[in-house]
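Each remark here refers to the structure printed beneath this line.
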Amino acid sequence: MTIADLLSIDDLGGADGIEDVLRLTDSFVEVTERSIPRVPALRGKTVASLFYEDSTRTRMSFETAAKRLSADTMSFSVASSSVKKGESLRDTALTIEAMGVDAIVVRHSSSGAPHRVAGWVDAAVVNAGDGWHEHPTQALLDCYTIRQRLGGLGGLHIMIVGDVKHSRVARSDVAAFSALGAEVTLVAPPTLLPPSLEGWPVRVSHDLDTVLPGADVVYLLRMQQERMTEALLPTLREYTTRYGLSRRRAERLGAGAVVMHPGPMNRGVEIAPEVADLPQAAIIDQVRNGVAVRMAVLYLLLGSGPEKVPTAERLVEQAGVA
Ligand code: NCD
């Protein structure tokens, strides 16, 4: 598979493309488990991150991934840049590209911003989250984590619980999970669902307690307060009572069920403090797998050579010395 940019899950062209990334990720997971978790696959390439919104995990994860592939990294954060002096997104992107970058990882509060950047620059563009729209690498690492825990996604019942309306993670997850054959149920009060779900391959429930016993995966979302322009909930406390994954609710989950969250978590709101640390919770695995998934994505976009899915051995060998 060859792709020029990764802007949405659909760019991977369905289940086969997603599976290709997951298979490639296996090789990079092996690499990250070595004593020197670095391969020369992208030596001489430069990856820039262009983040217009806050981030802990995603930004560090992409930068770690690029470094482990021996790429150079450049980091741009709005708070300390000329954006404060009025520079436009287009001029900023062109300026970064002029310094000689091969890939730009973009996060922005406006849906579609990475698509605009991809139209302006020749470098490969990766969407690291755009407004309410998509966050494709999050969905890929979520698929990888579910596959690691449960063997695959075909036939699984996945509940995505919470603020779906404002969640780019939910949009990418629904696309990826359903492409891999899972049945997705959105669980939220009507005010936290998108106004129209036409074309979404999902079921909807407003009652977590009813659907919980049948869940293979419970995927919790943070309340995106920064994107809410009106009061969508009576109180957070009421949300927690009806939709929070409490200890008592977690005990009703099936033995093999997995609890996930993209982070940042608000412990005590969508997830009880202690539930996030239970063995069923895969939240730290998600973060760990994120680095290998992003190595796979950067390698697919920038790696050259006939061998598109190399083994970890081969990746290390290519080095001579890693
Ligand atoms: C998410 C995001 O920024 O879209 N976090 C992440 O990337 N892991 C989810 C969130 O902010 O709640």
Side-chain angles (χ1 to χ4, degrees), residues 6-9 25 49-66 75 77-79 105-115 125-146 158-177 186-188 192-194 217-229 232-233 236 239-240 243-245 258-271 275-276 281-295 297-298:
L6 181 62
L7 304 174
S8 81
I9 280 293
T25 302
S49 47
L50 175 56
F51 274 53
Y52 281 77
E53 256 193 6
D54 297 342
S55 167
T56 305
R57 270 150 290 274
T58 306
R59 181 185 194 127
M60 285 177 65
S61 182
F62 269 108
E63 289 177 3
T64 305
S75 186
S77 80
V78 169
V105 180
V106 183
R107 169 168 284 196
H108 203 286
S109 56
S110 295
S111 300
H115 301 65
V125 175
V126 187
N127 181 359
D130 62 328
W132 308 2
H133 178 231
E134 278 230 35
H135 192 351
T137 58
Q138 178 71 44
L140 291 168
L141 73 89
D142 290 337
C143 290
Y144 190 84
T145 304
I146 294 171
I158 303 182
M159 313 293 155
I160 300 182
V161 186
D163 184 2
V164 176
K165 178 174 181 170
H166 301 102
S167 176
R168 52 201 179 202
V169 172
R171 280 170 185 72
S172 289
D173 272 348
V174 165
F177 295 168
L186 306 178
V187 189
L192 293 182
L193 289 170
V217 176
V218 182
Y219 196 104
L220 303 164
L221 297 170
R222 180 178 67 89
M223 214 55 66
Q224 306 266 307
Q225 311 260 23
E226 73 276 27
R227 301 188 212 285
M228 292 188 193
T229 49
L232 296 173
L233 291 169
L236 266 190
Y239 175 83
T240 303
Y243 294 97
L245 190 63
V258 180
V259 175
M260 298 175 71
H261 192 303
M265 277 187 280
N266 288 146
R267 290 190 194 230
V269 180
E270 67 272 13
I271 188 164
V275 170
I283 300 163
I284 291 296
D285 296 356
Q286 289 172 269
V287 177
R288 191 177 302 115
N289 290 332
V291 175
V293 162
R294 290 173 176 124
M295 288 172 82
V297 166
L298 291 173

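Ligands are counted one by one from 1 in listed order, and the atoms in each one are counted from 1 as well. In what follows, every heavy atom counts, from backbone to side chain, and hydrogens, waters and symmetry copies are set aside. One-based numbering along the sequence shown.
Annotation: side chain of Ile160 is not in contact with side chain of Val187 (no heavy-atom distance under 4.5 Å).
In terms of the side chain to side chain contact (heavy atoms under 4.5 Å, CB included) criterion, residue partners of Leu233 (sequence neighbours excluded) are, by chain and number, Pro189, Leu192, Met223, Leu236, Tyr239. Contacts of Asp130 classified as side-chain hydrogen bond (donor to acceptor under 3.5 Å, both in side chains), with partners at least two apart in sequence or in another chain: Asn127, His133. Scanning for side-chain hydrogen bond (donor to acceptor under 3.5 Å, both in side chains) contacts around Arg57 gives an empty result, with sequence neighbours left out.
Rounded to the nearest 0.5 Å, atoms CD (Glu63) and OG (Ser75) are 4.0 Å apart.
Under a cutoff of 6.0 Å and an axis angle of 45°, Arg294 and Phe62 form a cation-pi pair.
Using a heavy-atom distance under 4.0 Å as the criterion, the protein contacts of ligand 1 are Arg57, Thr58, Arg107, His135, Gln138, Arg168, Val169, Arg222, Gln224, Pro262, Gly263, Pro264.
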